[in-house]
There are 2 protein chains.
Amino acid sequence: MGLREPLRQLAENCSLPAALEAMGERWSFLILRASFNGYRHFEEFQSELGIARNILANRLGRLVGHGILERRPCDDDRRKVEYRLTDKGKDLLPTLVALRQWGERYEMSGRISPVLVDARDHRPVAAVRVMSHDGRPLTTHDLLWALPEEVEDAKAAE
Amino acid sequence: MGLREPLRQLAENCSLPAALEAMGERWSFLILRASFNGYRHFEEFQSELGIARNILANRLGRLVGHGILERRPCDDDRRKVEYRLTDKGKDLLPTLVALRQWGERYEMSGRISPVLVDARDHRPVAAVRVMSHDGRPLTTHDLLWALPEEVEDAKAAE
DNA sequence: CAGATAGGTTGCAATTCGCAACTTGCTTGC
DNA sequence: GCAAGCAAGTTGCGAATTGCAACCTATCTG
């Protein structure tokens, strides 16, 4: 990535701070993972993660506010509430898996942790990578930032 | 992901909390991104991100402590210090790009932001995805957690 | 040798976190 | 149908974290 992102508008024009505003707080990723693992109820999150109840309430509210989870009271037991992933929330899967794989590789010396496998053949999923439009793996040095108008689009190139 | 991660050892046996311990604090990802963009010096990070100096010092120290950045005094100007990505730090690229792409898609309504392109052909990189060992795209429902001993390894399968 | 510069540190106010106790609306058992 | 218990929060309060501004110490430059 030889070029600096254009002109110090990092904070204003970059989507990373925006993403972090939704997901950057202390427990958000762990709640998200619990959601992917099928947890849905306040008490489930609470006892599973050991998070303080007020913080959990705050984070769930925030995730709902950002459209990552959907809050729905249960019909069969009206004390209960379900928090479910929206499509927007489900689209955080690659981020979550990438972060987990990195942690697995670098931060788990000795310990073992369950691994994500393809349900079809029970083989581990591939490492999440940055790839070109046609599937070549890319590294840091293959990348540039470009403004939308500088981008070669598919039509021009094919 | 039909199955719950085995037996509520989420916190102990999962690499996600470990990863978040290294990268989960407020400014860590933004500092990381600045690093990928070529920023190396304290004052560069500070004026670019607008982060408070004490927090920046704390975060840089932490990232160095986790082996994500390397701290090296400059030879030519001994007031200066260089912070550079280690290989471990560079391996956070997929996580960073995945998060950015998600933010780009869902949190940038209206605004435009620079886009990551392949330096070779100036075409945008592919969306970061979770894929099977042989390159099929996988979604939430194709995934399971497995303990290492339950995994089909490459030898058995080929 | 008088600034200016790079990379911090320190003090202090404001915010956030985390724990424990409490509340409110439901549901279940007897 | 009433007491007990459960789900999903809220409240109060002390502890930790964040952020701002000022200061400090080496080093470089004119």
Side-chain angles (χ1 to χ4, degrees), chain A residues 4 8 10-12 16-17 20-32 34-35 38-66 68-85, chain B residues 4 8 10-12 16-17 20-35 37-66 68-85:
Chain A
R4 297 207 171 169
R8 86 175 36 234
L10 278 168
E12 294 79 34
L16 187 63
L20 288 170
E21 190 169 334
M23 289 301 302
E25 283 139 319
R26 235 189 237 322
W27 291 91
S28 303
F29 269 106
L30 292 171
I31 293 171
L32 188 78
S35 294
Y39 291 86
R40 288 180 189 164
H41 299 291
F42 190 96
E43 304 289 335
E44 286 183 309
F45 290 114
Q46 202 282 319
S47 71
E48 185 54 37
L49 301 177
I51 180 176
R53 304 179 71 79
N54 55 344
I55 307 297
L56 177 56
N58 176 288
R59 290 302 179 276
L60 287 172
R62 218 175 247 276
L63 291 171
V64 169
H66 281 282
I68 292 165
L69 295 178
E70 178 192 17
R71 182 187 190 280
R72 192 154 55 91
C74 284
D75 284 343
D76 58 326
D77 182 344
R78 291 207 321 254
R79 293 171 301 181
K80 288 190 181 176
V81 169
E82 275 195 355
Y83 291 95
R84 283 168 176 275
L85 285 167
Chain B
R4 299 208 169 168
R8 85 175 36 232
L10 277 169
E12 296 79 34
L16 188 64
L20 289 169
E21 190 169 335
M23 290 301 302
E25 284 138 320
R26 234 192 238 322
W27 290 92
S28 303
F29 268 106
L30 292 171
I31 293 172
L32 188 78
R33 189 200 44 170
S35 295
N37 281 338
Y39 292 86
R40 287 180 189 163
H41 300 289
F42 190 96
E43 304 289 335
E44 286 183 309
F45 290 113
Q46 202 283 316
S47 72
E48 184 55 36
L49 301 177
I51 180 176
R53 304 178 71 78
N54 55 344
I55 306 296
L56 178 57
N58 176 287
R59 291 301 180 275
L60 288 172
R62 217 173 247 277
L63 291 172
V64 169
H66 281 282
I68 292 165
L69 296 178
E70 178 192 17
R71 181 186 191 282
R72 192 155 53 90
C74 284
D75 284 343
D76 57 325
D77 182 344
R78 291 206 323 254
R79 292 172 301 181
K80 288 190 180 178
V81 168
E82 274 195 355
Y83 291 95
R84 282 169 176 274
L85 285 167

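Chain letters run A, B, ... following the sequence lines, proteins first and then strands; every chain starts at 1.
Across every non-hydrogen atom of Glu25(B) and Arg26(A), the tightest pair is CG-NH1, 4.4 Å.
Dashed line: the shortest gap from a side-chain N or O of Tyr83(A) to OP1 or OP2 of dG9(D) is under 4.0 Å. Look at Arg71(B) and you'll find a side-chain N or O under 4.0 angstrom from OP1 or OP2 of dG8(C).
At a threshold of 4.0 angstrom between heavy atoms, the contacts of Asn58(B) with the nucleic acid are absent.
Taking the side chain of Ala52(A) as heavy atoms from C-beta on, and the options dA8(D), dG8(C), dG18(C), the nearest nucleotide is dG18(C). Each of dC19(C), dT9(C), dG19(D) was ranked by its minimum atom distance to the side chain of Ala57(B); first place goes to dT9(C). Of the candidate nucleotides dT10(C), dT27(C), dG12(D), dG12(D) has the atom nearest to the side chain of Asn54(A).
Between the NE2 atom of His41(B) and the P atom of dC28(D) there is a distance of 13 Å, rounded to whole Å. Phe42(B) places its CZ atom 18 Å from the P atom of dT27(D), with the value rounded to the nearest Å. Distance CD (Gln46(B)) to C1' (dG19(D)): 12 Å, rounded to an integer number of Å. In this structure, the CG atom of Leu56(A) is 12 Å from the P atom of dG18(C), given to the nearest Å. dC17(C) atom P lies 14 Å from atom CG of Leu20(B), rounded to whole Å. Put simply, CZ on Arg78(B) is 15 Å from P on dG8(C), counting in whole angstrom units. Following rounding to the nearest Å, Ile55(A) (CD1) and dT15(C) (P) show an atom-to-atom distance of 16 Å. Computed from coordinates, the Glu43(B) CD to dC28(D) P distance equals 15 Å when rounded to whole Å.
Closest-nucleotide positions on DNA chain C for Ile51(A) and Glu82(B) were compared, and the one nearer the 5' end corresponds to Glu82(B). Of the two residues contacting DNA chain D, namely Lys80(A) and Arg26(A), the nearest-nucleotide position lying further toward the 5' end is that of Lys80(A). Heavy-atom nearest nucleotides on DNA chain C were determined for Trp27(A) and for Asp76(A), and the one closer to the 5' end corresponds to Trp27(A).
Using bins of under 30°, 30° to 60° and over 60° for the plane-to-plane angle, the ring pair Phe45(B)/Tyr83(B) lands in the perpendicular bin.
A side-chain donor-acceptor contact under 3.5 Å links His41(A) to the backbone of Val81(A). Side-chain N or O atoms of Gln46(A) include none that pairs as donor or acceptor with a backbone N or O of Phe42(A) at under 3.5 Å.
Between the side chain of Arg79(B) and the base of dT5(C), a donor-acceptor pair under 3.5 Å is found. Judged by distance alone, with hydrogens and angles left aside, Arg53(A) brings no side-chain donor or acceptor close enough to the base of dA20(C) to form a pair under 3.5 Å.
Within a 6.0 Å sphere centred on CD of Glu82(A), heavy atoms belonging to other residues, nucleotides or ligands number more than 12.
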